[in-house]
**Q** 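Sharing a structure with you now.
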Amino acid sequence: MAAIGIDYGTSNSEVVYFDGTKHHFIKLDPNVEQSNKIRSSVFVYYNDDLPRPPVSAIEAKVAQIQRAINDQLEKTKNSYYEAQDPREQRVFSEKIDDLRAQYHNRPALQRQAIQLLLKYMTVQDLSLNQLVETGEFAFGEEGFKRYLKTPDKGRLIYSPKNFLGAHLVPGQKAAFVGMIAKQLAFFRQSAEQQLNQTVDTAVIGRPVRFHGTRGEEGNSQALEIMADAAKEAGFTHVEFLEEPIAAAYKIEPNLAKPTNVLVVDIGGGTTDICCIKLSPEKRSNLNRQQDVLSVTGARIGGMECDKNLIVKSIAPTMGQGLKMLSGLPVPPTYFSDMCAVDDIPRLNHFFSDEYGLDITQTMSIIKESKLLGRLLTVQEEKLSARLVNSSRLAKEMLSSKTEITLPLHYIEADYDVDLSVEDLNRSMKSWLSRVKRLVVECLENSSEAPEMLFITGGMSLSPIVRKQLTQEMLPNLPVIEGDAFNSVCEGLAIQAARL
């Protein structure tokens, strides 16, 4: 039996096994060079026809058909009473009998209702729960490529983790349990195949706070969903560990003496910070909560920077800021809704026919309608996730370059957007202020001052972030250099090995 660490991230996920001496990275995505990392997004799709519509939809359509039959019946009755010729009356009488038979033939009505529903139904009409129960699943780059090729064949959940602590309508909680269970089962099976042994235990990383507004209620819901999903995926023993504490466990063996370390973990969806007492002598201890001096976190991660870059620097080339004939600006909510890849109800609303009609009507009362036409293309072709992904790539490129040209040819031929590091700085300004406030909060809550700083998570590689934290905010704190991408999962694997 083996125990693994699972870093179930907002943008990427990872699985690691620690044998007591060495870390073994489980290969999860053969389509990428670093195959131990896999996109956390899920594409749920249908190869052929959509599934049978839900009973509620069928019954509603049956009632609609019956109303139409009843209208015909009343008209035919009136025609019968008005007819003078007995032969004409007989024709109407037979039609009345036929309509009554149709009205009461429920199996035939249900078949007709299903045919009508399937004729006009799209994937977007399915509830998330029905989608998860009946669809096919594709993970990682395979799933993202399927989404790019046939977006109308399925639905891309860009980051399931972002929804776990949110308010979920009936049925959505079960849907996320089922969806994440599929991912965790895939992780477990991959580990078993590569380790050649049964994997029954997992330590799964968790942010300090899963959701920004729901507090402990959101945290409890998220942990419940993850625990239920892990059980459904075949794990018999599951524990959760806050991600910055896991990162601390990774660096602990390299410390020469007991040290208070400030760990700043800035991932794709959350920023989590802890101040913790680390010591080489304690690294075999299972419970280390007494060594945690303070811990805090919030739902502010790299994805927010991706969306901010769109709103601040890309949206103006899509009509943001234009004035309508009334003098009022084009609704700014168009562009924030366009980026809402981590808000299913909001994104579904953006993709609705009514929303597209609203954009089209706005195009008719502005001078530069071509720019807003780009927004309409994103809306009609459901390109929000692809645009946010393009923004993420731009953010990463601007970490090493001062200027780039971002091609958005999937929206419009020859549509390029020039972006600079100044644009990135501007888009990250308010986000960085919130990150720094979290650091201050953690320091103020700690009974002892940190002696060293460790920054991890994908956003820790940003020169803008590192400069703000190491040079401007904490210039006198020595920095521990480590792996920005793997430290959390390696720490989770260390804890799993202790179990």
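Here, residue 1 is the first one in the sequence, and each next residue gets the next number. The basis for the numbers below is simple: all heavy atoms, side chains too, and nothing from hydrogens, waters or symmetry mates.
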**Q** Going by an N to O cut-off under 4.0 Å, is there a salt bridge joining D423 and R426?
**A** yes
**Q** Which one of K37, K27, R39 satisfies the salt bridge (charged side-chain N to carboxylate O under 4.0 Å, His left out) criterion with E14?
**A** K37
**Q** Using a 4.5 Å cut-off on heavy atoms from C-beta on, say whether the side chain of V263 contacts that of D272.
**A** no
**Q** Yes or no on ring-ring contact (aromatic ring centres under 6.0 Å, His included) for H409 and Y415, after CA distance, side-chain angles and deciding distance?
**A** CA-CA 5 Å; H409 302 167; Y415 175 28; 8.3 Å; no
**Q** Compare all side-chain heavy atoms of Y46 with those of E136 and state whether any distance is below 4.5 angstrom.
**A** no
**Q** Below 4.5 Å, heavy atoms only, C-beta onward: do I266 and V465 meet side chain to side chain?
**A** yes
**Q** Nearest heavy-atom pair of I245 and I276: which atoms, and what distance?
**A** CG2-CD1, 4.1 Å
**Q** Have a look at I366 and tell me which of L372, L325, L371 forms a side-chain contact (heavy atoms from CB on, under 4.5 Å) with it.
**A** L372
**Q** Is it true that a side-chain atom of S336 and a backbone atom of T333 form a donor plus acceptor pair closer than 3.5 Å?
**A** yes
**Q** For residues E412 and T377, determine if any side-chain heavy atom of one lies less than 4.5 Å from a side-chain heavy atom of the other.
**A** no
**Q** Please check if atom CG in N47 has more than 12 non-hydrogen atoms from other residues, nucleotides or ligands closer than 6.0 Å.
**A** yes
**Q** Nearest 0.5 Å, what's the CG-CG distance between D228 and L223?
**A** 11.0 Å
**Q** If you measure from CD1 on I114 to CD on Q112, what distance do you get to the nearest 0.5 Å?
**A** 11.0 Å
**Q** Quick check: does any side chain N or O of R209 sit under 3.5 Å from a backbone N or O of G297, one acting as donor and the other as acceptor?
**A** yes
**Q** Could you check whether any side-chain heavy atom of L461 comes within less than 4.5 Å of a side-chain heavy atom of R466, counting everything from C-beta outward?
**A** no
**Q** How far does OG of S427 sit from CD1 of I314, to the nearest 0.5 angstrom?
**A** 9.5 Å
**Q** Counting distance only, does the side-chain N/O of T362 pair as donor-acceptor with the main-chain N or O of D358 below 3.5 Å?
**A** yes
**Q** Flag the pair K307 and D342 as a salt bridge only when some basic side-chain nitrogen lies within less than 4.0 angstrom of an acidic carboxylate oxygen.
**A** yes
**Q** Show your working on side chain to side chain contact (heavy atoms under 4.5 Å, CB included) between V311 and N308 and close with a plain yes or no.
**A** CA-CA 5 Å; V311 172; N308 285 348; 5.6 Å; no
**Q** Mind checking side chain to side chain donor-acceptor pair (under 3.5 Å) for R188 and listing every partner two or more places apart, or none if nothing turns up?
**A** E192
**Q** In terms of side-chain geometry, is the basic nitrogen of E441 or R434 positioned less than 4.0 Å from the acidic oxygen of its partner?
**A** no
**Q** Would the number of heavy atoms belonging to other residues, nucleotides or ligands and lying under 6.0 Å from NZ of K382 be above 12?
**A** yes
**Q** For the atom pair NE2 (H349) and CG (D343), what is the distance rounded to the nearest 0.5 Å?
**A** 11.0 Å
**Q** Walk me through whether V421 and N425 qualify under side chain to side chain contact (heavy atoms under 4.5 Å, CB included).
**A** CA-CA 6 Å; V421 72; N425 265 305; 4.2 Å; yes
**Q** Before you tell me yes or no, could you show the steps for N36 and I26 under side chain to side chain contact (heavy atoms under 4.5 Å, CB included), namely the whole-Å CA-CA distance, both residues' side-chain angles and the distance that decides it to 0.1 Å?
**A** CA-CA 5 Å; N36 60 300; I26 305 302; over 6 Å; no
**Q** Might you point out which heavy atoms bring E243 and V488 nearest each other, and give the distance in Å?
**A** O-CG2, 3.7 Å
**Q** Does any non-hydrogen side-chain atom of V132 lie less than 4.5 Å from one of F176?
**A** no
**Q** Look at the side chain of S159 and the backbone N and O of T10, then say whether any donor-acceptor pair between them is shorter than 3.5 Å.
**A** yes
**Q** How many angstroms lie between CZ in F187 and CZ in F235, if you round to the nearest 0.5 Å?
**A** 9.5 Å
**Q** Hey, is NZ on K312 packed in by over 12 heavy atoms from elsewhere, all under 6.0 Å?
**A** no
**Q** I would like to know whether T405 and V417 meet side chain to side chain contact (heavy atoms under 4.5 Å, CB included); could you show each step before the answer?
**A** CA-CA 6 Å; T405 297; V417 179; over 6 Å; no
**Q** Let me see the working for F43 and F137 under ring-ring contact (aromatic ring centres under 6.0 Å, His included), right down to the final yes or no.
**A** CA-CA 6 Å; F43 188 55; F137 281 73; over 10 Å; no
**Q** Heavy-atom count around E59 CD within 6.0 Å, excluding the residue itself: above 12?
**A** yes
**Q** Looking at K429, is its backbone amide N or carbonyl O close enough to the side chain of S433 to form a donor-acceptor pair, meaning the two atoms are under 3.5 Å apart?
**A** yes
**Q** Do M324 and M363 have side chains that get closer than 4.5 Å, going by heavy atoms?
**A** no
**Q** Can you see whether N70 engages R67 through a side-chain donor-acceptor pair at a distance of less than 3.5 angstrom?
**A** no
**Q** For A113, does its backbone N or O pair with a side-chain atom of R111 as donor and acceptor, under 3.5 Å?
**A** no
**Q** Measuring centre to centre across the rings, with the benzene-like ring taken for any Trp, is Y45 within less than 6.0 Å of Y147?
**A** no
**Q** For residues L128 and R155, determine if any side-chain heavy atom of one lies less than 4.5 Å from a side-chain heavy atom of the other.
**A** yes
**Q** For I38 and F186, which heavy atoms make the closest approach, and how far apart are they?
**A** CD1-CE2, 3.8 Å
**Q** Is there a donor-acceptor contact under 3.5 Å from the side chain of K161 to the main chain of Y8?
**A** yes
**Q** Applying side-chain hydrogen bond (donor to acceptor under 3.5 Å, both in side chains) to N389 and R392, what does each step give before you reach the verdict?
**A** CA-CA 5 Å; N389 189 62; R392 177 184 64 83; 2.9 Å; yes
**Q** Do the side chain of S364 and the main chain of Q361 share a donor and acceptor less than 3.5 angstrom apart?
**A** yes
**Q** Hey, could you give me the CE/CD distance between M473 and Q468, rounded to the nearest 0.5 Å?
**A** 9.5 Å
**Q** Donor-acceptor pair, distance only, cut-off 3.5 Å: does the side chain of N219 make one with the backbone of G165?
**A** no
**Q** Hey, mind stepping through Y410 and S390 against side-chain hydrogen bond (donor to acceptor under 3.5 Å, both in side chains) and telling me if it holds?
**A** CA-CA 11 Å; Y410 55 87; S390 294; 2.7 Å; yes
**Q** Looking at R299 and E304, is any side-chain nitrogen of the basic one under 4.0 Å from a carboxylate oxygen of the acidic one?
**A** no
**Q** Between R346 and D337 (salt bridge meaning N to carboxylate O under 4.0 Å), is one present in this structure?
**A** yes
**Q** Please check if the side chain of T150 supplies one atom and the backbone of K153 the other of a donor-acceptor pair under 3.5 Å.
**A** no
**Q** What heavy-atom pair brings W431 and G301 nearest, and what distance separates the two atoms?
**A** NE1-O, 3.2 Å
**Q** Using every non-hydrogen atom in the two residues, find where A484 and S460 come nearest and quote the distance to one decimal.
**A** CB-OG, 3.3 Å
**Q** Search all heavy atoms of Q183 against all heavy atoms of S40 and return the closest pair with its distance.
**A** NE2-O, 2.9 Å
